[in-house]
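A short write-up of the structure that comes next.
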Amino acid sequence: PSFGKVKEPGLVLADCLHSSGVLPNSTLYLSKDRFHPYGPKRMVYGQVDQWYRNYHRFRKTAENGTREGGGASEGVACCAADSASFHYVEAAECRTLYAVISDQHRFRAMNRTSRHAAWPRPKL
C-alpha cells in the first residue's frame, strides 16, 4: 500500500514484508493501537499528521483482509490499555505518564481542565 510521499520507517517495513508475502500479526487490542508514532497527549487530542489519518483510513485488518473505515480514533479510544510504546516522549511527559498509570483513580477524578494543566507542555 502507498501512503503518499511519507517514508515512515514502520510503513516502509510493512510494505517490504507485504511484498515478500509475509503478513505480520496484528498488534491491535480491541481495535486499539498498542504502538504509537506520537506522544500520549498528541494521540489523545488527535493532533496527528495526515499520513497517520490516511494510514488508519485504509489499513487492512489482519483478521479478514477487508478495509476498516472511520480513520484514527481520538480521546482515550486512541490507545490500547496495554500500549507498548509512544514516540517523542520527553522526560517530564514520561514521568507524568508513569504517574497516571500508577494512580489512575486520582487522574480520572480530576476534571478536564485539571488533567490538561497537570500534563507538561512540550519544549519548543
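Keep in mind it's a predicted model, so treat the numbers as computed, not measured. The analysis underlying the following values was restricted to heavy atoms, covering all of them including side chains, and did not include hydrogens, waters or symmetry mates.
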Self-check item: Closest approach of E93 to Y88 (non-hydrogen atoms, all atoms of both residues)
Solution: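 So the two residues come closest at OE1-O, 4.0 Å.
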Quiz item: If you take all heavy atoms of P40 and V89, which pair is closest and at what distance?
Solution: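 It is CD-CG2, 3.8 Å.
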Return the set of residues passing side-chain hydrogen bond (donor to acceptor under 3.5 Å, both in side chains) with [X] (not counting sequence neighbours), or none when no residue passes.
X: S20; value: none
X: S83; value: H36
X: R112; value: none

Quiz item: Around R106, counting heavy atoms of other residues, nucleotides and ligands shown, do more than 12 lie under 6.0 Å from its CZ?
Solution: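 Open: at most 12 neighbouring heavy atoms sit under 6.0 Å from CZ of R106.
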How about [X] and [Y]: do any of their side-chain heavy atoms sit closer than 4.5 Å?
X: Y38; Y: H87; value: no
X: C79; Y: F86; value: yes
X: Y52; Y: R42; value: no

Quiz prompt | Value rounded to 0.5 Å, distance of OG1 in T96 from NZ in K41 | solution =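 Answer rounded to 0.5 Å: 10.0 Å.
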Quiz item: Sequence neighbours excluded, which residues qualify as salt bridge (charged side-chain N to carboxylate O under 4.0 Å, His left out) partners of D103?
Solution: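 Salt bridge (charged side-chain N to carboxylate O under 4.0 Å, His left out) list for D103, sorted by chain: empty.
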Quiz item: Partners of A84 by side-chain contact (heavy atoms from CB on, under 4.5 Å), sequence neighbours excluded?
Solution: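 side-chain contact (heavy atoms from CB on, under 4.5 Å) list for A84, sorted by chain: F35.
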Quiz item: For S114, which residues count as a side-chain contact (heavy atoms from CB on, under 4.5 Å) partner, sequence neighbours excluded?
Solution: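 Counting only residues at least two positions away or on another chain, S114 forms a side-chain contact (heavy atoms from CB on, under 4.5 Å) with M110, N111.
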Quiz prompt | Y45: ring-ring contact (aromatic ring centres under 6.0 Å, His included) partners, not counting sequence neighbours | solution =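 By the ring-ring contact (aromatic ring centres under 6.0 Å, His included) rule, Y45 matches H116.
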